[in-house]
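Below: the structure, in structure tokens.
Side chains included, hydrogens not; waters and symmetry mates left out as well; all remaining heavy atoms used. Each chain gets a letter, A, B and so on, in the order its sequence line appears, and its residues count up from 1. Remember, predicted model here, so these are calculated numbers, not experimental data.
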Amino acid sequence: MLTLKNIIENRNAVIEGLHKKHFAEAEKVIDEIIDLDKERRNTQKELDTALAEQNKIAKQIGALIGQGKRSEAEAAKEQTARYKEQSKLLGEKLNEYEKMLRDKLLQVPNLPHESVPEGRTAEDNKTERTGGVVPDMPTEALPHWELAKRYDLIDFELGVKITGAGFPVYKGKGARLQRALINFFLDEARNAGYLEIEPPHVVNTDSGYGTGQLPDKEGQMYHVTVDDLYLIPTAEVPVTNIFRDVILAEKDLPRKLAAYSACFRREAGSYGKDVRGLNRLHQFGKVEIVRIDKPEHSYDSLDEMVRYVESLVRKLELPYRILRLCGGDMSFTSSLTFDFEVFSAAQKRWLEVSSVSNFESYQANRLKCRYKTAEGKTELCHTLNGSALALPRIVAALLENNQTPNGIRIPKALVPYCGFEIID
RNA sequence: GGUGAGAUGGGUGAGUGGCUGAAACCAACAGUUUGCUAAACUGUCGUGCGGGUAACCGUACCGGGGGUUCGAAUCCCCCUCUCACCGCCA
């Protein structure tokens with residue numbers, strides 16, 4: 001969430017930023033927050049005064065009893081009743097203000113970076129650059145779900161039987177290709193300086209709030225109600241929460257971590273051709289990279305992460321484009337996001353395979369992830385993350401783009417990991 | 001699942017009602033000394049909120065919530081978690 005300090009000191013700039021993100025009633029909400037904060041401060045002041053008075057009397061009573069002046073001590077006790085009553089009421093009032101303030105703050109999305117293009121929908125995203133070659137496919141080219149069936153790589157129906165739609169079963173070279181991609185991505189990440197993490201796949205509510213899945217995206221996660229735990233929708237959640245309530249030393253920054261995990265998403269409301277095959281699943285594999293950095297370095301970090309993800313897509317020889325998301329298409333918590341899409345040649349569609357974002361201090365503020373500067377000041381870190389990469393759509397594009405009459409060709413970089421050059 | 005013990009600052013760990021936001025030690029940081037390193041010595045060293053240009057002041061926090069009391073890290077209740085042993089088990 002945004003810091004109060006930022007909202008109060010930069011009211012107009014904040015509202016302008018929220019407009020760019022198409023946040024409704026920005027002025028109203030921001031001014032409510034500012035007013036609530038004033039009330040909160042006044043209440044706090046009154047409460048502190050009452051408590052100070054109480055503490056003073058309590059100390060006096062202690063001293064009087066020490067001196068054996070019992071009757072004077074008794075008299076002093078009478079005085080505290082009034083302050084006690086007062087501070088109790090003020091305390092309740094303060095809690096209310098704090099709760100209201102927090103609720104309001106949680107409703108406010110992050111502010112977009114100045115370089116975020118204006119716009120409302122995906123149509124308005126700006127293409128940063130493209131790479132790779134879109135293959136010239138014959139008309140009889142098959143979509144990946146047909147290829148998966150022909151070569152017995154993925155069994156969607158079996159998944160339906162075991163679990164339900166959106167939980168495919170990978171078999172043989174299909175399963176080995178998945179494993180190859182995971183190892184490839186993790187090795188690449190390690191070579192790029194990321195610390196490999198194997199995180200829990202289930203998290204508690206504190207972690208859900210820490211990275212912002214709760215409360216706004218509650219319905220998107222699978223909830224294990226008996227234990228009040230959530231299946232992770234991305235490794236971002238457990239990995240970023242490593243830094244919850246942590247104060248890092250300046251020299252410890254940046255921190256770079258990478259993790260593979262299965263990701264679980266309910267995808268409530270999705271339907272139609274978008275969800276065909278591997279395009280949208282309830283469970284999928286993904287390697288995520290997470291970075292914690294000093295504010296002044298975070299945009300350099302973001303660039304580095306984008307270049308890193310780009311290197312992966314290039315090594316996989318996939319045609320891709322990098323989009324700078326517009327204000328309306330960005331996620332609630334992001335300041336600047338680049339999406340990576342690969343072209344899936346038989347479907348003739350661009351598929352999103354990565355989303356790389358700088359959250360600035362928005363997540364860190366909820367997480368209470370801070371660092372101590374050389375001058376000894378405690379400041380919020382900036383957090384960033386990106387997919388590097390999500391498996392299913394990569395698999396979809398690999399299958400479709402590399403199909404030949406003799407089978408499906410495996411890109412060179414992946415052959416050592418797969419142990420085969422062709423799927424036939 | 002059963003039984004028992006515990007949860008204190010970056011770490012170890014004292015502290016059973018007022019002089020404790022918290023001893024001591026370790027780590028860390030700064031300085032003195034030194035050819036360099038080390039050692040030794042000196043000092044600093046939690047977080048949030050409110051007030052103040054600032055020095056600083058007030059307030060809250062000893063797992064979380066509630067209670068007793070003029071006053072709670074310390075007493076009472078509830079919850080959570082951790083550890084140990086037993087049972088079960090990849």
Subject >> Test log, rule ring-ring contact (aromatic ring centres under 6.0 Å, His included), inputs A:F264 and A:F284 >> reply: CA-CA 7 Å; A:F264 302 91; A:F284 62 97; 8.8 Å; no

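Each of A:V356, A:L325, A:I322 was evaluated against A:D339; a single residue qualifies, A:L325, per the side chain to side chain contact (heavy atoms under 4.5 Å, CB included) test.
On the C1' atoms, B:C75 is 15 Å away from B:G18, given to the nearest whole Å. Taking atom C1' on both nucleotides, B:U12 is separated from B:G64 by 24 Å, rounded to a whole Å. Separation of the P atoms belonging to B:G67 and B:C19 is 23 Å when rounded to the nearest angstrom. Nucleotides B:U80 and B:C25 are separated by 39 Å at their P atoms, to the nearest Å. The gap from the P atom of B:U44 to that of B:C57 amounts to 15 Å, rounded to the nearest Å. Rounded to the nearest Å, the gap between the C1' atom of B:U82 and that of B:G46 is 23 Å. Atom P of B:C79 sits at a distance of 45 Å from the matching atom of B:G52, rounded to the whole Å. With both ends at atom C1', the span from B:C86 to B:G11 equals 32 Å, rounded to whole Å.
Across all strands shown, B:C57 is found opposite B:G50 as a Watson-Crick or G-U wobble partner, with both distances under 3.5 Å. Pairing of B:C75, defined by two Watson-Crick or G-U wobble distances under 3.5 Å, is identified with B:G67. Base pairing annotation: B:U37 forms no Watson-Crick or G-U wobble pair, as no partner gives both donor-acceptor distances under 3.5 Å. When Watson-Crick and G-U wobble pairs are counted only if both distances are under 3.5 Å, B:U16 pairs with no nucleotide at all. For B:A30, the paired base is B:U42 (Watson-Crick or G-U wobble, both distances below 3.5 Å). Nucleotide B:G87 has no partner under the Watson-Crick or G-U criteria, as no pair reaches both atom distances under 3.5 Å. With a cut-off of 3.5 Å on both Watson-Crick or G-U wobble distances, the partner of B:A22 is given as none. When Watson-Crick and G-U wobble pairs are counted only if both distances are under 3.5 Å, B:G6 pairs with B:C81.
Every pair passing side chain to side chain donor-acceptor pair (under 3.5 Å) that includes a residue from residues 412-424 of chain A is listed here, sequence neighbours excluded: A:D187-A:Y417. Counting only residues at least two apart or in different chains, side chain to side chain donor-acceptor pair (under 3.5 Å) contacts with residues 79-89 of chain A comprise A:Q54-A:S87.
Taking the six-membered ring for Trp, A:H382 and A:Y299 have ring centres at least 6.0 Å apart.
Applying the side chain to side chain donor-acceptor pair (under 3.5 Å) rule to A:T43 yields no partners; only residues at least two apart in sequence or on another chain are considered.
Both A:N95 and A:L4 sit near RNA chain B, but only A:L4 has its closest nucleotide nearer the 5' end. Both A:I61 and A:A58 lie close to RNA chain B; mapped to their nearest nucleotides by heavy-atom distance, the more 5′-ward contact belongs to A:A58.
At least one donor-acceptor pair under 3.5 Å links the side chain of A:N125 to the backbone N or O of A:C326. Panel note: side chain A:H22, backbone A:G119; a donor-acceptor pair is recorded below 3.5 Å. Using a distance-only test at 3.5 Å, with no hydrogens or angles considered, a donor-acceptor pair links the side chain of A:N358 to the main chain of A:E360. Between the side chain of A:K286 and the main chain of A:A262, no donor-acceptor pair closer than 3.5 Å is present.
Looking only at atom types and distance, the side chain of A:E250 has no donor-acceptor partner in the side chain of A:T373 under 3.5 Å away. Side-chain contact of A:R349 with A:S344: a donor-acceptor pair under 3.5 Å is absent, judged by distance alone.
At the heavy-atom level, A:L94 lies nowhere under 4.0 Å from the strands shown. Within 4.0 Å of A:R82, counting heavy atoms only, lies no atom of the nucleic acid at all.
RNA chain B is contacted by A:K84 of residues 83-90 of chain A, taking any non-hydrogen atom closer than 4.0 Å. Residues from residues 47-56 of chain A lying near RNA chain B, meaning a heavy-atom separation below 4.0 Å, are A:D48, A:L51, A:A52, A:N55 in numerical order.
Cation-pi check for A:K173 over A:Y151 is not met; the charged atom does not lie both under 6.0 angstrom from the ring centroid and within 45 degrees of its normal.
Put simply, chain A comes within 4.0 Å of RNA chain B, heavy atom to any atom, from B:G18 to B:G71, going 5' to 3'.
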